[in-house]
Protein chains: 2
Amino acid sequence: MKLGEGVEAAIHCTATLASVEGNSTMPGAALAECFGLSASYLLKHLNMLTAASILESVPGPAGGYRLARAAERITLLDIVLAIEGREPAFRCGEIRRNGPVKIDASAYVKPCGINAAMLKAERAYRAALAELKLSDIVADYAAEGDPRSFAASCAFVARHQRPQKSSSTPQKQM
Amino acid sequence: MKLGEGVEAAIHCTATLASVEGNSTMPGAALAECFGLSASYLLKHLNMLTAASILESVPGPAGGYRLARAAERITLLDIVLAIEGREPAFRCGEIRRNGPVKIDASAYVKPCGINAAMLKAERAYRAALAELKLSDIVADYAAEGDPRSFAASCAFVARHQRPQKSSSTPQKQM
DNA sequence: GGGTTCCTACTCGGATAACGTATGTCCGAGTAAATCTGG
DNA sequence: CCAGATTTACTCGGACATACGTTATCCGAGTAGGAACCC
């Protein structure tokens with residue numbers, strides 16, 4: 001049981017993007033510089049987040065990434081599933097059937113109890129992740145984090161964010 | 001997030017070993033045959049379970065594996081941690097510090113909020129796994145599983161278990 | 001001077017290698033049972 | 001016939017190759033901005 005390295009980067013980048021104002025975007029290279037990561041590799045993860053409709057990408061100069069929806073509607077579960085895949089961590093290979101004595105398939109119509117137990121635990125994990133909204137992460141960071149690092153992050157975002165010409169989404173559509 | 005293939009084998013084997021009576025043992029080769037696995041590779045996982053004090057191994061002829069303690073005192077969490085390691089699935093690389101602007105280390109004395117959130121979810125996962133006792137798995141299998149496969153498993157165990165010398169319950173059956 | 005056209009520079013996106021971990025296999029150390037031998 | 005040492009066969013344990021997945025990198029497609037040019 002081990003999560004990929006990209007999950008951490010994805011969460012940090014998503015949290016950072018939650019600080020950009022309006023429909024401005026932030027280039028992936030800036031995000032990579034922000035966390036000392038390889039820009040080329042981070043793009044892959046950001047692309048996965050885009051495919052999962054968590055981020056939006058704007059090509060061309062002054063382009064970049066932006067949250068696809070409000071931070072209140074993004075959970076850590078969304079990010080983890082986007083990066084690690086939606087498959088359950090425990091995959092039942094039905095090895096109970098591979099024994100030497102072959103039994104009729106009708107004996108295995110019921111799901112494997114071990115698989116059910118593991119999936120039950122995993123549902124608890126995902127439920128806990130679904131409770132954690134990105135907006136809460138950012139709020140906690142602003143409230144309990146060190147003011148110096150918070151200010152530095154805000155300054156970095158303000159320096160690298162590129163306002164859009166209201167191409168796709170106007171100011172606000174609430 | 002993906003669990004290794006060996007976790008499934010380890011749980012199945014441990015559940016099977018819960019059916020052997022007294023202090024009898026069952027060879028690893030028999031367990032491998034029971035689930036159609038590679039014997040050489042299964043030994044590695046069984047060895048990990050032994051190192052975690054979940055199983056006991058008896059060398060020599062008529063040797064094999066046996067539960068180190070009652071099935072009521074073995075949880076799925078014990079097995080998963082023995083195979084996958086006790087490290088948390090989410091490893092915080094502290095990438096927040098790797099930014100271009102260097103800030104004094106005193107700004108990072110507080111733990112990373114993202115790491116705290118992920119660990120909180122993982123605690124929920126482990127707590128759910130700790131609630132699942134091996135005895136419950138076996139009981140559910142005996143109660144709700146198909147009688148044919150259950151009988152076949154019992155017959156396989158009875159055929160391959162090897163009573164030990166100090167056993168006070170001798171059973172001679174071929 | 002204004003509008004149009006072309007060019008450039010910057011962005012994301014996917015295809016392509018290198019590394020590390022998990023998987024799979026092999027042979028050696030150890031032990032208890034069975035056997036052989038001597039009394 | 002019984003006791004003891006020896007042989008033996010079976011077990012686990014760790015060391016050695018292999019395969020897959022993740023990590024890391026590069027180059028190409030696309031777009032918007034800016035500059036040059038013509039009217």
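Below, chain A is the first sequence line, B the second, and so on; all start at residue 1. In this text the structure is predicted, and so the values were computed from the model without any measurement.
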Do the side-chain N or O atoms of [X] get closer than 4.0 angstrom to the phosphate oxygens (OP1, OP2) of [N]?
X       : N      : answer
B/Ser57 : D/dG13 : yes
A/Tyr41 : D/dT25 : no
B/Asn47 : D/dG14 : yes

Write down the distance between [atom1] ([X]) and [atom2] ([N]), rounded to a whole number of angstrom.
X        : N      : atom1 : atom2 : answer
B/Leu43  : D/dT11 : CG    : C1'   : 9 Å
A/Leu46  : D/dT25 : CG    : C1'   : 16 Å
A/His45  : C/dG14 : NE2   : C1'   : 15 Å
A/Gln164 : C/dC12 : CD    : P     : 11 Å
A/Glu56  : D/dT31 : CD    : P     : 16 Å
B/Glu5   : C/dT21 : CD    : C1'   : 15 Å
A/Leu42  : C/dG14 : CG    : C1'   : 16 Å
A/Ile83  : D/dT22 : CD1   : P     : 12 Å

Are the side chain of [X] and the backbone of [Y] linked by a donor-acceptor contact shorter than 3.5 Å?
X        : Y       : result
B/Arg69  : B/Ser53 : yes
A/Glu8   : B/Phe90 : no
B/Lys102 : B/Gly99 : yes

Under 3.5 Å side-chain donor-acceptor pair for B/Ser106 and A/Arg148: yes
Proximity to DNA chain C (any heavy atom under 4.0 Å), residues of residues 27-40 of chain A only: A/Pro27, A/Gly28
Of the candidate nucleotides [options], which contains the atom at the shortest distance from the side chain of [X]?
X       : options                : result
A/Tyr65 : C/dG13, D/dT25, D/dG13 : C/dG13
B/Lys44 : D/dT31, D/dA15, D/dT23 : D/dA15
A/Pro61 : D/dT31, C/dT23, D/dA9  : D/dT31

Minimum heavy-atom distance A/Glu122-A/Glu87, with the two atoms named: OE2-O, 4.4 Å
First encountered from the 5' end of DNA chain D, between A/Leu3 and A/Ala62: A/Leu3
Pairwise 5' ranking along DNA chain C for A/Gly63 and A/Lys2, keeping only the more 5' one: A/Gly63
Summary of side-chain hydrogen bond (donor to acceptor under 3.5 Å, both in side chains) pairs that have at least one residue in residues 129-138 of chain B, sequence neighbours excluded: none
A/Cys13: which of A/Leu55, A/Ile79, A/Leu46 passes side-chain contact (heavy atoms from CB on, under 4.5 Å): A/Leu46
